[in-house]
Undergrad: 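One structure follows; several queries about it will come next.
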Amino acid sequence: MGVKLDEIFDSFSENRLFKDKSILQTSYTPENIPHRDNEIKQAASILAPALRGERTSNLFIYGQTGTGKTLSIHYLKNEMMKRAKKEGLSLDMQYLNCKLRKVSDTQYRILAELIKKLGGSVPATGLPTDQVYNKFIEIIDKEKKILILILDEIDQAVKKISDEFLYNFTRLNSELNNANICLIGISNDLNFLDNLDPRVRSSLGQEEIVFSPYNALQLQEILKSRADNAFNQGVLEEGVIQKCAAYAAREHGDARRALDLLRIAGEISERNGEKKVTMKSVDLSNQKIDRDKILDVVQAAPKQFQMTLLSIILLSDKKNKSSDKIFTGDVYNKYHELCLEHKSDFLTQRRVSDIIAEIDMLGLINAIVISKGRHGRTKEIKLSISPKILDKVNLILKESLDL
DNA sequence: AGGTATTCACATGAAACTATTCTCTGAGTTAGG
DNA sequence: TAACTCAGAGAATAGTTTCATGTGAATACCTGT
């Protein structure tokens, strides 16, 4: 045993492909951000008055995932804070990601989190919201300064709470005597502003910046600039970067995806003891990402959801041979049967029908509404999980349903 | 043959119900003055 | 006495059921040739 382990360790340290893997991690903030100069400049010119101690317009930023919104804002934040420090300005910028679970659910938690970041403290529960709100104002208003609040994934919070809390934020200034506050909202959802209370919209959307997706070429450059430091010299096989970029470009130019692809490809090659990161591992990496996404979804899904999916899988297993199609009724019967068998309670057909639609949305199955004439109208369901990972999905389902 | 009506097996919507989570209030507790 | 903590009432929310209505085309049923 010991010998074998040594072998593994040896081969591991011998062909190290990575110089610094963390550079490819999503949490890494690079020195410069390629292809976002315009956006950063725009944002900077909007926020610049803050460096003269003046209030700035509220700013709203949108763009799809992996277009560098958060990164750019972080960068800008750091630069501005540096500058403010040098010149002794009382400027404060706080970043808050509204998507984090502990933060997002309620207005209370958002306020509590902000207060914590500003150096105050509130109990995790128990106080009325408006008291927390007052405390928040009190803390900000202690001294004369400019506070810039960056609310990332703000659409998530609004979805959970309602836009009322945003409205509160936008009128905050009228309650402040010393300090000035301004908001930067970041969202993935392009339509977000449209479904907002008009009062909030006009105030939050004073300035807007759109981050457009990277194209394949830009992705390549981003990857290249990071790969130089992340990998050792010459370990990338010809075309690896291009391939990663191409895959990611297909997914609306998601740079995060591109970086993940490259990193995982590297990990796969390293684990296989290869001397270089090969094209093949990029393919494997792509598959792995897809697979992990599916497995995560399946694992995290609620019980009834899993039960429904399992029914579909069982049915398509059987039906594949007789080449029959699967319909809602079949699924419900099977599901019902399974539930009885397992003595768990079951949902109505109405709900299962919705669950099927949800599974469809996640892309695990493909369901289209068809009419079978005299034999009614129903959904025709096709499983679209690749057979390669079907076994794993099955395993997870059986495990979590402990069958 | 050609046209119309029926009918099936669900889809799709809306409202009502329910269990859980949040918020808020007031009473009790603590600690400092 | 002010600040904090906590339990429990009431409000908000998510997940689901109940009730109601809608749908597209295969099939049954005419109708006149």
Undergrad: Output side-chain donor-acceptor pairs under 3.5 Å for residues 242-251 of chain A, partner residues at least two apart or in another chain, one line each.
TA:
| from | atom 1 | to | atom 2 | distance (Å) |
| --- | --- | --- | --- | --- |
| K243(A) | NZ | D283(A) | OD1 | 3.3 |
| K243(A) | NZ | D283(A) | OD2 | 3.2 |
| Y247(A) | OH | D283(A) | OD1 | 2.5 |

Undergrad: Please give, in whole Å, the distance from dC8(B) C1' to F327(A) CZ?
TA: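 Result: 13 Å.
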Undergrad: Would you call E358(A) and R351(A) a salt bridge, using N to O less than 4.0 angstrom?
TA: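 Here E358(A) pairs with R351(A) in a salt bridge, since their nearest N and O are under 4.0 Å apart.
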Undergrad: For the residue pair F346(A) and H336(A), categorise the inter-ring angle as parallel (less than 30°), tilted (30 to 60°) or perpendicular (more than 60°).
TA: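 Perpendicular, since the angle between the ring planes exceeds 60°.
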Undergrad: Calculate the interatomic distance between I356(A) atom CD1 and dT12(B) atom P; express it in whole Å.
TA: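 The answer, rounded to whole Å, is 11 Å.
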Undergrad: If we ignore hydrogens and angles and just use 3.5 Å, is the side chain of S400(A) paired with the main-chain N or O of Q299(A) as donor and acceptor?
TA: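 Side chain of S400(A) to backbone of Q299(A), a donor-acceptor pair under 3.5 Å: no, none is there.
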Undergrad: Is there a donor-acceptor contact under 3.5 Å from the side chain of S187(A) to the main chain of E153(A)?
TA: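 Pair absent, no side-chain N/O of S187(A) close to backbone of E153(A).
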Undergrad: Whole-Å distance between dA11(B) P and I355(A) CD1?
TA: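 So the two atoms are 13 Å apart, to the nearest Å.
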Undergrad: For R256(A), is there an ion pair with D260(A) - N to carboxylate O distance below 4.0 angstrom?
TA: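 Answer for the salt bridge query: no.
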Undergrad: Rounded to whole angstroms, how far apart are CE on M361(A) and C1' on dT12(B)?
TA: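 The answer, rounded to whole Å, is 15 Å.
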Undergrad: Report all interatomic pairs (protein N or O, nucleotide N or O of nucleotides 17-21 of chain C) with separations under 3.5 Å.
TA:
| from | atom 1 | to | atom 2 | distance (Å) |
| --- | --- | --- | --- | --- |
| dT17(C) | OP1 | T348(A) | N | 3.4 |
| dT17(C) | OP2 | T348(A) | N | 3.0 |
| dT17(C) | OP2 | T348(A) | OG1 | 2.9 |

Undergrad: Using the ring of each side chain (for Trp, its six-membered ring), is Y332(A) parallel, tilted or perpendicular to Y335(A), with breaks at 30° and 60°?
TA: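 Ring orientation of Y332(A) relative to Y335(A): tilted.
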Undergrad: From CD1 of I381(A) over to P of dA9(B), roughly how many Å is that when rounded to an integer?
TA: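 Taking atom P of dA9(B) as the reference, CD1 of I381(A) is at 16 Å.
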Undergrad: In terms of side-chain geometry, is the basic nitrogen of K21(A) or E267(A) positioned less than 4.0 Å from the acidic oxygen of its partner?
TA: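 E267(A) and K21(A): salt-bridged.
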Undergrad: All N/O contacts under 3.5 Å from nucleotides 24-26 of chain C to the protein, with atom names and distances to one decimal?
TA:
| from | atom 1 | to | atom 2 | distance (Å) |
| --- | --- | --- | --- | --- |
| dG24(C) | N2 | G373(A) | O | 2.9 |
| dG24(C) | N3 | S371(A) | OG | 3.0 |
| dA25(C) | O4' | S371(A) | OG | 3.3 |
| dA26(C) | O4' | R374(A) | N | 3.3 |

